[in-house]
Amino acid sequence: MKKRIFVVGLLLLFTTSASVFSLGIGAAFGLNGIGDENTGGNIMLSAKLDQLPMVLGLSYNLDDPFSFGLYGDWQMVRQPLVNFVNIYAGPGFFFSYTDVSDDAVQLGLRIPVALYIFPVDFLELFLEVAPAFSFVPEIDLGFQSALGFRFWFN
C-alpha cells in the first residue's frame, strides 16, 4: 500500500508538469556524512520547469524503516559562478514521514545552495547543501545534502 501511494505521487508530480516547454527530471542521493536532517529518504526524485524557479521532489528510503518525504525549493538565485560552474540558492520546505519513529512527521524550512554544471546540453549535475530548520515535532537546526542529476526534455 505504501509503495502504491509513492508511485501515485510520482505519477501526479510528473504528469501535471508535462505541459511545459522544457522539463527537468532527475534523481539525487542523500550524502549521509554531510547532512543529518531527515528529508524522508536517501533517494529523491525531482522535477523542475524551465519557466518557474521552483523544484519539486519526492524522496524514499531504500533501507528500513519505511519513510518518504516531499520537498520544494524556490531558486531565487540561479547564475554562472566561474566558467562552466553555476550556482543556485533560495528558500524551500521539507516534509517527511517515518512509520516507526516516535517523531513520525517532520516539517521544516531549508535554504539549499548548490553548484551545478551542464556537461552536455540535456544533462545537469549538481551538489547541494541545505541548512535546515525543523519546527515539527521540535525546533532543530541541521543540514541536508545531496548529489544528483537532471535530464532536460524540450
**Near-ring test Phe93/Phe95, centroid separation under 6.0 angstrom** =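 For Phe95 and Phe93, the ring centres are not under 6.0 Å apart.
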
With hydrophobic residues grouped by side-chain heavy-atom distances under 4.5 Å, do [X] and [Y] end up in a single group?
X: Phe126; Y: Trp152; result: yes
X: Val77; Y: Tyr116; result: no
X: Tyr97; Y: Leu58; result: yes
X: Phe118; Y: Leu125; result: no
X: Leu70; Y: Ile43; result: yes

If every non-hydrogen atom of [X] is compared with every non-hydrogen atom of [Y], which pair is closest and at what distance?
X: Ala47; Y: Leu23; answer: CB-CD1, 4.4 Å
X: Ala89; Y: Val113; answer: CB-CG2, 4.0 Å
X: Pro112; Y: Ala130; answer: CA-CB, 3.6 Å
X: Phe94; Y: Ala132; answer: CE2-CB, 3.8 Å
X: Lys48; Y: Pro53; answer: NZ-CA, 3.9 Å

Student check: side-chain heavy atoms of [X] and [Y] closer than 4.5 Å:
X: Phe122; Y: Phe153; value: no
X: Val55; Y: Gln75; value: yes
X: Gln79; Y: Ile87; value: yes
X: Leu81; Y: Leu115; value: yes
X: Tyr88; Y: Glu128; value: yes
X: Phe149; Y: Leu123; value: yes

**Request:** Report the C-alpha distance between Phe29 and Met44 in whole Å, list the side-chain angles of each, state the deciding distance to 0.1 Å, and finish with yes or no for side-chain contact (heavy atoms from CB on, under 4.5 Å).
**Result:** CA-CA 6 Å; Phe29 304 92; Met44 296 154 275; 5.8 Å; no

To the nearest 0.5 angstrom, please state how far the [atom1] atom of [X] sits from the [atom2] atom of [Y].
X: Tyr71; Y: Ser46; atom1: OH; atom2: OG; value: 4.5 Å
X: Tyr60; Y: Ser67; atom1: OH; atom2: OG; value: 8.5 Å
X: Glu124; Y: Ile25; atom1: CD; atom2: CD1; value: 13.0 Å
X: Arg150; Y: Leu45; atom1: CZ; atom2: CG; value: 11.5 Å

**Message:** With a 3.5 Å distance limit and no angle check, can you tell me whether Thr98 reaches the backbone of Ala104 through a side-chain donor-acceptor pair?
**Reply:**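 Side chain of Thr98 to backbone of Ala104: no pair is present.
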
**Asked** What's in the same ILVMFWY side-chain cluster as Ile111, cut-off under 4.5 Å, chained through other members?
**Response**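 Ile111 clusters with nothing; isolated.
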
**Message:** Could you check whether Arg110 makes a cation-pi contact with Phe133, meaning its NZ or CZ is under 6.0 Å from the centre of the six-membered ring and within 45° of the ring axis?
**Reply:**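 Cation-pi check for Arg110 and Phe133: fails.
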
